[in-house]
Amino acid sequence: VQLQACGGGLVQAGGSLRLSCAASLRTFSYYQVAWFRQAPGKERECVAAMSRGGGNTAYADSVKGRFTISRDNGKRTVDLQMNSLKPEDTAVYYCAASLTTLDDTLGIVLTDSRHYGYWGQGTLVTVSS
């Protein structure tokens with residue numbers, strides 16, 4: 001398994017959850033990372049992404065100010081802290097990694113799922129109203 005996500009669960013609206021993803025990828029620092037989500041009947045969307053060194057991030061408008069992506073290249077992990085959760089955040093969340101030559105100096109963060117070749121198994125987040 002290349003990416004293993006955990007941390008999903010059931011939470012009330014306004015609550016918080018922290019998702020974690022452990023990577024067994026070699027040279028993890030060569031990968032951009034992201035969290036995507038897919039709700040029933042909807043397309044998969046990128047909620048947060050981060051450049052190789054962590055210097056650049058991108059967030060979906062719907063989660064800005066509430067979600068924070070972070071990574072630890074030494075531990076080969078990427079986390080998603082989710083605060084002020086809303087029922088519309090209910091979805092299966094996937095961590096993903098993209099092997100790329102884009103370093104932080106370019107300021108480019110990949111948010112298109114087609115750029116990501118490595119995916120975790122998904123973890124369900126359910127937010128009750």
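Scope of the values below: all heavy atoms of this structure, side chains included, with no hydrogens, waters or symmetry mates.
For the pair Thr100 (side chain) and Gln32 (backbone), a donor-acceptor distance under 3.5 Å is absent. A donor-acceptor contact shorter than 3.5 Å is absent between the side chain of Ser129 and the backbone of Pro87. Using modelled atom types, no side-chain atom of Gln4 and backbone atom of Ala22 make a donor-acceptor pair closer than 3.5 Å. Here the side chain of Thr90 pairs no donor or acceptor atom with the backbone of Thr126 at under 3.5 angstrom. Remark: the backbone N or O of Asp104 is paired with a side-chain donor or acceptor of Asn56 at under 3.5 angstrom.
Between Arg52 and Leu102 the shortest side-chain heavy-atom distance does not fall below 4.5 Å. Val125 is listed as a side-chain neighbour of Met82, based on a closest heavy-atom distance under 4.5 Å. The shortest distance between side-chain heavy atoms of Leu25 and Tyr118 falls below 4.5 Å. The side-chain heavy atoms of Tyr59 and Ile69, taken from C-beta on, include a pair separated by under 4.5 Å.
Linking ILVMFWY residues whenever their side-chain heavy atoms come closer than 4.5 Å, directly or via other members, leaves Leu99 and Tyr116 in distinct clusters. Note on Phe28: it does not cluster hydrophobically with Leu110, by side-chain heavy-atom contacts below 4.5 Å among ILVMFWY residues. When the side chains of ILVMFWY residues are joined at heavy-atom separations under 4.5 Å, either directly or via intervening members, Val109 and Met50 end up in two distinct hydrophobic clusters.
If you run side-chain contact (heavy atoms from CB on, under 4.5 Å) between Arg37 and each of Thr123, Leu19, Val47, only Val47 comes through.
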With side chain to side chain contact (heavy atoms under 4.5 Å, CB included) as the test, would you mind laying out the steps for Trp35 and Cys21 before giving the verdict?
CA-CA 9 Å; Trp35 286 93; Cys21 182; 3.7 Å; yes
CA sep, side-chain torsions, deciding dist, call: Phe67, Leu85, side chain to side chain contact (heavy atoms under 4.5 Å, CB included)
CA-CA 9 Å; Phe67 290 12; Leu85 284 161; 3.8 Å; yes
Worked check of side chain to side chain contact (heavy atoms under 4.5 Å, CB included) between Tyr93 and Gln38
CA-CA 7 Å; Tyr93 284 71; Gln38 187 165 20; over 6 Å; no
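Both the sub-6.0 Å distance and the 45° axial angle are not jointly satisfied by Arg71 relative to the ring of Tyr31.
A salt bridge does not link Asp89 with Lys86: none of the charged nitrogens is closer than 4.0 Å to a carboxylate oxygen.
Between Phe36 and Trp119, the gap from one ring centroid to the other is short of 6.0 Å.
Between the side chains of Gln81 and Arg18, at least one donor-acceptor pair of N or O atoms lies under 3.5 Å. Judged purely by distance below 3.5 Å, without hydrogens or angles, the side chains of Thr77 and Asp72 never pair a donor atom with an acceptor atom.
When every heavy atom of Ala49 is checked against every heavy atom of Ala34, the shortest pair comes out as CB-CB, 3.8 Å.
One distance of note links CD of Gln12 with OG of Ser128; it measures 5.0 Å at 0.5 Å rounding. The CD atom of Gln2 lies 13.0 Å from the CD atom of Gln121; values are rounded to the nearest 0.5 Å. Atoms SG and CG, from Cys95 and Leu80 in turn, are 10.0 Å apart once rounded to the nearest 0.5 Å. The distance from atom OG of Ser29 to atom CG of Asp103, rounded to the nearest 0.5 Å, is 11.5 Å.
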